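All ligand and atom numbering here is 1-based and tracks the order in the structure. Only a predicted model underlies this, so the values are computations on that prediction, with no experimental measurement involved.
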Amino acid sequence: MAKNYSSYIEIKSGLTSGEITAEGLVKGYLQQIKANAHLNVFNEVFEDEALASAKDIDARISNGTAGKLAGMVIAIKDNICYKGHKVSASSKILENFTSIYSSTVVERLLAEDAIIIGRCNCDEFAMGAANENSFFGPVKNHADETRVSGGSSGGSAVAVQAGMCHAAIGTDTGGSVRQPAAFCGVIGLKPTYGRISRHGVISYASSFDQVGPLTKSVSDASLLLEILAGTDEYDSTLSQKPVPQHRDFKKDTGKKNIAYLQEALSSPGVDADVKATLTSYIEKLRADGHTVKPISFEYLEYLVPTYYILAMAEASSNLARYDGVHYGYRSPNATDLESTYKLSRSEGFGKEVKRRIMLGTFVLSAGYYDAYYAKAQKVRRLIQNKTNEILADFDFILTPTAPEPAFPLGVKEKDPVVTYLHDIFTVQASLAGMPAISLPAGNNSKGLPLGLQLLAKSFAEQELLNFSEYFLQL
Ligand code: GLN
């Protein structure tokens with residue numbers, strides 16, 4: 001098996017000294033992918049292409065013309081377009097669809113000589129928190145194969161966890177990078193809304209969707225953020241703020257004001273080991289001289305309903321384009337235009353996606369728009385304002401990433417509301433558009449990874465990353 005490098009810095013020095021080659025790295029990851037095929041991580045592995053590009057990059061490393069990510073082997077979530085490659089969003093409706101252009105994130109990775117090794121399984125159209133809504137079946141957690149990977153970027157998280165690539169790219173609408181990262185013991189960063197281009201990323205809920213890296217080190221998360229962030233003429237929602245040199249991040253040992261969510265310790269819905277881990281970090285931070293205070297978020301019970309009303313409304317509009325005419329699957333049983341729409345959508349979408357389209361159109365319908373959609377928009381604003389108020393007094397808000405560790409496969413999918421409630425800690429940053437990171441915080445007694453989340457002010461990624469480096473060493 002290939003050596004497991006925790007950061008690209010180590011890989012880079014090995015590549016420069018000639019101790020390792022990009023081709024050797026790719027071969028190592030391919031072996032690991034084959035040995036763990038039963039985890040169902042990849043929808044497709046770009047084997048020949050990754051090997052060919054590794055050879056090419058090795059040549060460029062030796063003549064000194066290689067980019068900043070030369071030899072970094074990356075897996076992408078299967079909702080990120082890559083020209084000439086299939087992209088399915090793990091849906092039957094896009095099963096045989098090939099991208100005709102590359103997303104900006106893929107272009108930026110390739111321009112810096114990263115090697116894309118394959119596209120990863122995920123929940124269908126990124127809707128889910130367990131990767132059990134994929135048309136291609138669930139992804140299994142490498143720490144315990146009877147348990148879920150988390151979702152929706154489950155394949156991306158396990159690819160990093162199981163050493164099938166060096167880093168992965170996911171998308172996070174309401175927690176889909178952070179929660180699987182927590183379930184798999186890796187780092188997951190959701191940047192501020194408007195930091196990374198969404199061009200060429202299959203839309204779920206456009207006012208929430210953000211691309212984010214899953215890595216084993218803060219230095220890799222920083223480097224990838226720096227490469228991926230910044231303006232793009234194809235995404236007008238991007239901020240014009242200059243992108244800091246994130247790769248120069250420095251471990252921050254300064255004394256901070258940190259708020260933690262009191263309900264995370266008092267709520268019966270939060271697992272005992274998760275509470276114990278949060279408590280132990282609070283104590284370690286206090287012992288190190290930080291001010292750590294409990295806060296109560298007055299809109300806590302509105303977070304999940306507000307997120308789901310808005311996300312479903314946006315999804316119902318975004319997914320209208322899959323009609324059996326423009327893209328992907330067309331029902332062979334259709335006889336006219338109307339049956340083409342109806343049958344292609346009925347046969348092409350999975351159960352959860354259909355549920356969300358129906359609920360989304362319901363909350364947007366004339367009779368209910370004010371009661372649900374408009375109301376949820378107002379509550380979103382209150383949540384944003386309140387979060388900003390808290391962050392005027394505190395540097396970070398600390399919570400568990402998820403209320404419990406990875407749960408067994410097949411138990412939660414039966415009740416969607418139970419799964420939705422699982423997003424309680426991640427959706428605040430998504431509703432507020434703020435950056436948040438999930439950091440590994442050890443394992444429970446069964447060996448299952450646990451994650452803690454830090455939420456920061458908009459565009460405070462640098463502060464967040466600097467502090468994360470310190471936090472991981474607590
Ligand atoms: N679990 C959340 C949902 O199902 C978040 C998914 C995501 O971030 N893509 O919507």
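The only option from Q462, E461, E112, H246 that meets the side-chain contact (heavy atoms from CB on, under 4.5 Å) definition with E226 turns out to be H246.
Distance from atom 1 (N) of ligand 1 to its nearest protein heavy atom, with residue and atom name: D423 OD2, 2.8 Å. From the protein, the heavy atom lying nearest to atom 3 (C) of ligand 1 is Y308 OH, 3.3 Å. Taking atom 10 (O) of ligand 1 as the reference point, the nearest protein heavy-atom neighbour is Y204 OH, 2.6 Å.
Both tests hold for R380 against F208: distance to the six-membered ring centre under 6.0 Å, angle to the ring axis within 45°. Note that K92 lies in the cation-pi zone of Y329, set by a 6.0 Å cut-off to the ring centre and a 45° limit from the axis.
A distance of 5.5 Å separates CG of L109 from CD1 of I116, quoted to the nearest 0.5 Å.
Distances between N or O atoms of R356 and those of ligand 1 include at least one value under 3.5 Å. Of the N or O atoms in S176, one or more lie within a sub-3.5 Å distance of an N or O in ligand 1. For ligand 1, the polar-atom distance check against G128 finds a nitrogen or oxygen pair separated by under 3.5 Å.
When all heavy atoms of F136 and S88 are compared, the closest pair comes out as CE1-OG, 3.4 Å.
Heavy atoms of Y307 found under 4.0 angstrom from ligand 1 belong exclusively to the side chain.
Every atom of ligand 1 is numbered from 1 in the order shown, and the set under 4.0 Å from a heavy atom of A126 is 6 (C), 7 (C), 9 (N). The distance from ligand 1 to the heavy atoms of S152 drops below 4.0 Å at these ligand atoms: 9 (N). Every atom of ligand 1 with a heavy atom of A129 under 4.0 Å away is listed here by number and element: 1 (N). For ligand 1, the atoms closer than 4.0 angstrom to any heavy atom of G174 are 5 (C), 7 (C), 8 (O).
With a 4.5 Å cut-off on side-chain heavy atoms, D273 and L448 do not count as touching.
Classification of K86 and E44 as a salt-bridged pair fails, no side-chain N sitting under 4.0 Å from a carboxylate O.
The aromatic rings of Y308 and Y420 lie parallel to each other, their planes meeting at an angle below 30°, with 60° marking the opposite boundary.
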